Structure formats: C-alpha cells, structure tokens
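So the structure is just underneath, and the comments pick up after that.
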Amino acid sequence: MAEKKFYITTPIFYPNAALHLGHAYVTTLSDIIARYHRLMGDRTYFLTGSDENAQTVVQGAKKAGEDIKPFRDRMVVGFVDLFKKLEISYDQFIRTSDEVVHWPGAQLLWQKMAEAGDIYRKEYEGLYCVGHEAFLTEKDLVEGKCPDHGTTPERLKEENYFFRLSKYTDQIKQKIESGELQILPETRKHEILSFLNEGLQDVSFSRPTNKVPVGIPVPGDDSQVMYVWCDALTNYITALGYGRGDETLYQEFWPVDVHVIGKDILRFHAAIWPAMLMSAGLALPKAILVHGMILSGGKKMSKTLGNVIDPHKLIEEYGVEALRYYLARHINPLEDGEITYEHFKEVYNADLVNGLGNLVARVMQLAQTHLSAPVAVEFVPYPEEYINPFSQFEINRAAEYVWGRIAALDARITAGAPFKVVKEDAEKGKVMIESLVRELAAIDLMLEPLMPATSKKVIEAIVANKKPENLFPRKE
Ligand code: MSP
C-alpha cells in the first residue's frame with residue numbers, strides 16, 4: 001500500500017492566561033490521533049501554536065501589568081512546557097506574532113482575496129466582544145451582555161475592510177452537503193448547515209491600527225491591521241510555508257486531513273475559513289472534527305467563568321499518563337464531558353491500578369520467575385475493533401476496546417492458573433506464560449497513541465523479561 005500523508009491541526013491558543021484542562025483536551029485528542037497515524041505508517045504532520053495578535057492578549061498583558069511582547073513570550077513558554085509534559089508530539093508550534101514564519105503568508109492570502117474582488121472598504125458600526133474576538137448582533141445579547149462572557153461589548157464605529165463572505169454561502173453549503181468538506185459529528189454538520197441556510201453576512205476583516213496595538217498590517221494600507229480571525233486561520237497554511245518561498249511542506253501536506261476544533265469555534269472554521277480559501281483559489285480542508293466542551297460544575301470550563309481545572313495539578317498527583325488515559329477513554333470527543341476530581345480518582349484506581357498496572361505486574365512476574373529468556377514478540381496486525389473507531393476519531397471507543405483486551409487477559413490468567421500449572425508441568429506452564437506475554441505485547445502496541453511512556457515501559461519490560469516498577473501507585 002502506498003504511504004499516505006496525514007496533516008492534523010489543533011486550534012491555536014490565545015496567550016492571555018495559562019491553559020486549562022479544556023485546552024489540554026483538544027491538544028491531547030489531536031496528539032492521540034496524530035500518533036495513531038504515525039503508528040499506521042502515515043507520513044504525519046501535526047501543527048499547534050498560539051494566536052497572539054488578539055485584543056484579549058493585550059488585555060491579559062495589561063491586567064498582568066506587563067508589556068505585550070514579554071507577556072506573550074512568557075505565556076507561550078508555559079504552553080510549550082505544558083505540551084511537553086503532556087507528551088504532545090507536534091511537528092511545529094506556530095506563533096502568529098512571528099513576522100518571518102506567519103506574516104508573509106497571511107498577507108499573500110489577503111492579496112489573493114483582494115484580487116478576487118472579495119475585500120472592500122466600508123463604514124461600519126457594531127458591537128465587538130473581545131472574548132469572542134468578533135462582532136455580535138443585538139439579538140446575540142442577553143440584557144445587553146454577551147451571554148458567553150458576561151461582558152458588555154464595545155460599540156465601535158469605524159471604517160475598515162470587509163470580506164465578501166456572503167458570496168460563498170451556496171458553495172460552502174454544497175461542499176459540506178456533498179461531504180467534500182466533512183464536518184464531524186453529524187450534529188455539528190446540521191448545525192452549520194442550518195446556519196448557512198440563513199445566509200452568510202459579509203464580515204469586518206480589519207481594524208484601524210491606531211485602535212488595535214497588535215496585528216498584521218493590511219497589504220498596501222498600514223493604517224489597518226487584519227482582523228484576528230483572518231490572521232489566525234491562515235496559520236494552518238503559513239506553517240507549511242505558504243507565502244514564504246519554500247512551499248515544500250505546503251505541496252506535501254495541504255489540504256489538511258483534519259482540523260480538530262471545539263464547538264465554540266465551528267463557524268469560523270466551517271464558514272469563514274473555507275470562504276477565504278475558495279476566494280484565494282486554494283483547496284479546502286478534508287475534514288473538521290468538532291469536539292464537545294469539558295464541563296466543570298455543569299458549565300463550560302473557562303477562564304472567564306473561573307471554574308478551571310489546572311492540568312498541572314492532575315499531572316502532579318496522578319502523572320501525565322493517567323491524565324491522557326482519562327481524556328482518551330472517559331471523555332466522548334463528540335459530546336460535552338464533565339470532569340471531577342472524584343471521578344478521576346475512581347477511574348485511576350479501577351482502570352490503571354487494578355486494570356493495566358496489575359495486569360502488567362502479573363504477567364511480568366510470571367515471565368521473570370519462570371522464563372529463562374525474553375519472549376520474542378512478533379508484530380500482529382491491528383484489529384478492526386481498534387482501527388474502525390480511530391477512522392471515525394472515536395478514540396474513547398478504541399480505548400474501550402484495548403481495556404476489554406486487558407480485562408480478557410486478566411481473566412485468562414485467573415482461569416488458566418499458569419502459576420499452578422507451571423509447578424505441575426513446567427513445559428506446559430512455560431508455553432502458557434509465553435502466550436500471555438505475547439498478548440500483553442499485542443495490547444501494548446495499541447497503547448502507544450494513548451499512553452506513549454507506559455507503552456514504552458511495558459515493551460522494555462517484555463524485552464528485558466523483567467517485571468517493571470509499579471506503574472500506577474494506588475491513591476487512597
Ligand atoms: N485562538 C482561538 C482559536 C483560533 S484557531 C485558528 C481560540 N483560542 S482559545 O485559546 O480561546 O481556545 C482554543 C480552543 O480550546 C477552543 O476552541 C477549544 O477547542 C478549546 N477549549 C477551550 N475551552 C474548552 C473547554 N472547556 N473544553 C474543551 N475544549 C475547550 O478560540
């Protein structure tokens with residue numbers, strides 16, 4: 001089979017505060033999918049980054065009493081540090097403040113849209129919500145406030161550039177309906193289609209430079225900077241070298257196989273972004289995977305609401321592998337998911353201490369005691385029950401399958417009692433134990449995308465024929 005390419009992206013994050021578990025979720029989900037594709041032998045490119053030319057970042061700096069640049073740098077150091085801890089295997093971390101990597105491509109795309117006749121000047125008055133980094137309409141508001149952020153939007157009256165989004169309504173609808181641009185899950189596809197049915201409105205695509213202290217200058221007009229979403233969305237192609245001269249990566253990896261995003265930013269990705277690409281004559285994404293929100297106390301976890309769980313805290317207490325496991329198995333990527341400390345602990349003890357950890361200890365204790373040499377493990381093809389869910393991005397179902405195999409192997413040990421058999425018939429017992437080790441190795445191969453460090457420890461134990469140190473200490 002010919003080698004396939006696979007390009008996957010996360011949203012780029014605002015460096016206005018530290019990341020919380022919701023951000024850790026989308027990044028870990030994407031990482032698991034990326035690792036799975038590498039495991040399948042696909043040439044994989046995994047992109048993440050930070051969305052820096054935003055007013056929310058300017059406000060964050062102000063609140064911290066710092067200058068914008070050092071503040072952003074400090075926030076981004078925190079992002080990279082968290083992603084390292086989370087074992088995020090990205091190939092590139094793009095920063096939209098990077099004038100060398102990002103700006104030329106963003107400006108080139110703008111020029112293409114302008115050449116297509118899709119950019120025009122307009123006097124405009126509207127209500128800008130900094131939390132959304134978008135204009136809202138009166139009917140979006142509840143008692144004059146943005147219902148998501150609880151803030152009163154700023155009334156702006158200015159002349160700026162507009163993007164002819166309305167022109168693309170029907171074309172986008174057609175691409176989504178035909179499945180050429182796949183929106184997953186179905187519920188989100190219907191949501192965006194009914195939004196498109198109302199007809200898209202043109203959007204303000206720039207702001208006056210004297211009002212917004214950050215941003216990419218509009219080509220040919222220094223008095224305006226690009227609207228932050230126009231700037232941010234282009235990261236998915238500028239990261240590949242678009243507009244920078246060397247487009248090797250762009251040629252190889254665009255169009256993207258999947259943009260992983262939260263449902264909060266669906267319209268930007270499934271309406272504005274495809275329209276921008278069409279306007280510039282570029283290929284559209286193949287798929288957009290829209291995950292649900294991590295809830296905390298029944299509400300979307302967010303900095304504004306202050307109900308955040310700090311991923312560092314869970315990592316310190318349970319280790320990063322446990323966090324990855326929880327996010328993979330116990331959050332359905334296609335729905336909203338609640339997380340509590342109590343449930344986390346329960347799952348940790350049940351699935352990791354008593355489940356995986358106990359199984360590895362049992363099998364490797366037998367192997368170490370009764371086998372004189374390590375079992376030679378051969379590659380076994382990945383079962384359909386593992387591959388199929390991944391092709392639908394249902395990593396929770398893939399994880400569930402792996403844990404089914406863990407339980408089955410555990411039951412096999414109990415039923416077959418190799419520890420007894422080996423005392424009565426050494427040869428028969430040895431064969432039994434070898435077969436258990438081979439099954440453990442087969443399970444371990446499937447663990448790699450989910451829990452890379454654990455997967456490595458287990459295979460190392462198998463190769464050394466030695467029971468590893470306790471993988472998951474019990475938590476009381
Ligand atoms: N900068 C924009 C995205 C630009 S992409 C071209 C942005 N940034 S963000 O930092 O506010 O949030 C990024 C993403 O984090 C969200 O779209 C979503 O995918 C994820 N999450 C933020 N809060 C979340 C939860 N409570 N739960 C799950 N994911 C969440 O939006």
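Every number for a ligand or one of its atoms is a count from 1 in the order of the listing. Note that the structure is a prediction, hence the values are computed from the model and not measured. The analysis underlying the following values was restricted to heavy atoms, covering all of them including side chains, and did not include hydrogens, waters or symmetry mates.
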* To do: May I ask which of Phe13, Tyr236, Phe268 has a heavy atom nearer to atom 5 (S) of ligand 1 than the others do?
  =>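 The nearest heavy atom belongs to Tyr236.
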
* To do: Compare Thr10, Ile272, Ile12 and give the one whose heavy atom is closest to atom 4 (C) of ligand 1.
  => Ile12

Looking at ligand 1, does any of its N/O atoms fall within less than 3.5 Å of an N/O of [X]?
X      : value
Asp51  : yes
Ile261 : no
Tyr14  : yes
Gly262 : yes

For ligand 1, is [X] a contact, meaning one of its heavy atoms is under 4.0 Å away?
X      : answer
Trp229 : yes
His291 : yes
Gly292 : yes

* **Heavy-atom closest contact (Glu158 atom, Pro208 atom, distance)** =>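 Closest heavy-atom pair between Glu158 and Pro208: OE2-CD, 3.2 Å.
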
* Centre of Phe162's six-membered ring, under 6.0 Å away, within 45 degrees of the axis: is that where NZ or CZ of Arg121 sits? -> no

* Asked: Salt bridge check: are Asp336 and Lys299 linked by an N-O gap of less than 4.0 Å?
  -> no

* Asked: For the atom pair CZ (Arg244) and CH2 (Trp103), what is the distance rounded to the nearest 0.5 Å?
  -> 14.5 Å

* To do: Between Ile265 and ligand 1, find which residue part has any heavy-atom pair under 4.0 Å and reply side chain, backbone, both or neither.
  =>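 Answer for Ile265: side chain.
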
* Take atom NZ in Lys263; do more than 12 heavy atoms of anything else shown fall under 6.0 Å from it? -> yes

* Are the ring centres of Trp403 and Tyr325 closer than 6.0 Å? -> yes

* To do: For Asn235 and Ala232, indicate whether the former's side chain and the latter's backbone hold a donor-acceptor pair under 3.5 Å.
  =>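 Side chain of Asn235 to backbone of Ala232, a donor-acceptor pair under 3.5 Å: yes, one is there.
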
